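Residue numbers start from 1 in every chain, and the chains themselves are labelled A, B, ... in the order their sequence lines are given, proteins ahead of strands. Just so it is clear, the structure is predicted and the values come from calculations on it, not from any experiment.
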2 protein chains.
Amino acid sequence: MEQQTGPHRLKKRERHDQILLHLKLRPHVRVTELATLFGVTTETVRRDMDDLEQRGLLERAHGGASATHPGAHRDLDERRQERVAEREHLGRLAAALVQDGDTIMIDAGSTTMVFARLLAFAETRVTAITNSLQIGMILGQSARARVILAPGSYLPQEAAVVGVETCDYLARYHVDACFLGAAGLSEAGVTEAVEGFSAVKRAMMRQSGACRFLIDASKFGLTRLNHVARLHEVGTLVSDRAPEGALAQDLRDGGVEIILP
Amino acid sequence: MEQQTGPHRLKKRERHDQILLHLKLRPHVRVTELATLFGVTTETVRRDMDDLEQRGLLERAHGGASATHPGAHRDLDERRQERVAEREHLGRLAAALVQDGDTIMIDAGSTTMVFARLLAFAETRVTAITNSLQIGMILGQSARARVILAPGSYLPQEAAVVGVETCDYLARYHVDACFLGAAGLSEAGVTEAVEGFSAVKRAMMRQSGACRFLIDASKFGLTRLNHVARLHEVGTLVSDRAPEGALAQDLRDGGVEIILP
DNA sequence: ACCTTTATGTTGGATGTGCAACAAATCTGT
DNA sequence: ACAGATTTGTTGCACATCCAACATAAAGGT
């Protein structure tokens, strides 16, 4: 990056923007590096980073900071160790469902992202169609995966594309299975909070022989704004804890296969 | 993350895999963290990381390591300070050509990526269609930009999509201008090294009212494998130094507008 | 202009990290 | 079992980073 020109010292906000821009282009920046670049003290940069970390825009490390994966959800549970561990379990279970030669569709979401990472790591030979840029990039790193990206309007918060174009495009493919996340699972069915995602999820379901939902137990009982699927359409539910009460009964009635650790 | 279970000490290969797995799930890991997790010395972890870094599988940082940015270019000139500075100038010139309300297409490439970053930073109100995931993500961060992503086969080295689908999709849009990079500019015309990119570039040119090529002076005189455009089709050339000799003459003959710092 | 608030710089000591050289342990092939 | 290669542990020291407390400077409001 270029040296800061002129005598004009950057203001706090400008430095914050610059730091984030740097992290968009490289995975890691050092405190000292930025300090000399901005012409400020390391302490100032440190304070900047602390601020940005609190807003969840980057991840501190000793001597510098790393980018949070672009589009990563910043909700509370994303940041908690336990949640990450649970997501990893969940992703492992789901990845075990994929076999060499399978064709799949993968929905955008933090849980499906972990799933994609594990799939890439396992080097499963798979053809995957996704609307998530992150998942495309992650899975594309695997030499044995073939990735097809759907077009559409870009949604920066989720690093994914949505819209009519996306759904139309998906309708041109037929795959063995789709792997979907969701923001809520209740007796009302599967629901989603992000506008535009539900249509994509439904489009994926229509084109798939089997449908697998990756939903961790913290989503049980929640009903969000957008309807995705009724319980009998769920097919397979991969989760970290068994549902209880009426929800469990309705899932049984809907013939949902439940996969747990 | 879970604690390493059992008395079985991990072998080198297993530790390497574990480290990479960790980096797939988090952007950054610390040396000490992994050392206690694996039950080995920090020096061992350090050595592991050095190995992995040499293989380009992660990026070292003080006290730990970061995941290589998915899709991040690591070609030589990308890493060189001087080149970055020139690209920045070039991008600035190109960004000045875009006005509020414009519709544009942006090609994948490291130079166009800098251009997109500056466009996002300038908060130009623009509708952009691109085949580059990174450019989509960068420009999508700008609240005033609308980003449309083209579909296609994912090319991990370039973090972009290419192929027939990509070109077909682009043919459905008409824009004011396209901003393209290139690997070579000589009397033979504009040429490209990455297989699949030239077709996308040509598709973008066909759908654009104006064509802007962003090519830094180090590419002058180079001819790569894939033909992109003859000199008279170039339209506008944005660069950091004036071409010389026969190339300069041919550009004049071709009616190419040249924009320099 | 004044005061208040906020941002930034400075300092010093505690702690974390990197590096290099060597010792100990482990692996490997015969 | 043996010798040689590889891997890992240990140590000491140079250096970078962190943190907290205080001093100084800049910004904002009345």
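Between the C1' atom of C:dA7 and the CG atom of A:Asp51 lies a distance of 11 Å, rounded to the nearest Å. When the P atom of D:dT7 is taken as reference, atom CZ of B:Phe38 falls 17 Å away, rounded to whole Å. Here C:dT26 presents its C1' atom at 13 Å from NZ of B:Lys12, a figure rounded to the nearest Å. Taking atom CG of residue B:Leu34 and atom P of nucleotide D:dT8, one finds them 14 Å apart after rounding to whole Å. Remark: C1' of C:dA7 and CG of A:Asp50 are 14 Å apart, rounded to the nearest angstrom. Atom NE2 of A:His28 is separated from atom C1' of D:dA16 by 13 Å (rounded to the nearest Å). Put simply, CG on A:Asp48 is 16 Å from C1' on D:dC19, counting in whole angstrom units. Between the C1' atom of D:dT8 and the CD atom of B:Glu14 lies a distance of 15 Å, rounded to the nearest Å.
Phosphate contact (OP1/OP2 of C:dG16, side-chain N/O of B:Thr32, threshold under 4.0 Å): absent. One finds no side-chain N or O of B:Arg47 lying less than 4.0 angstrom from the OP1 or OP2 phosphate oxygen of C:dC19. A close approach under 4.0 Å does not occur between any side-chain nitrogen or oxygen of B:Thr44 and OP1 or OP2 of D:dT8.
In this structure, the side chain of B:Ser66 does not engage the main chain of B:His28 through any donor-acceptor pair within 3.5 Å. In this structure, the side chain of A:Thr130 engages the main chain of A:Ile106 through a donor-acceptor pair within 3.5 Å.
One finds a salt bridge joining A:Glu88 and A:Arg92 here, because a Lys/Arg side-chain nitrogen approaches an Asp/Glu carboxylate oxygen to under 4.0 Å.
Here the CG atom belonging to A:Leu133 is positioned 11.0 Å from the CD1 atom belonging to A:Ile138, to the nearest 0.5 angstrom.
Atom CZ of B:Arg144 is surrounded by more than 12 heavy atoms from other residues, nucleotides or ligands within 6.0 Å.
When each of B:Arg60 and A:Thr42 is assigned the nucleotide of DNA chain C bearing its nearest heavy atom, the one mapping closer to the 5' terminus is A:Thr42. Take the nearest nucleotide of DNA chain D for B:Glu43 and for B:His62: the residue whose nucleotide is more 5' is B:Glu43.
As judged by a 4.0 angstrom heavy-atom cut-off over every strand, B:Ala35 is placed among residues making no nucleic acid contact.
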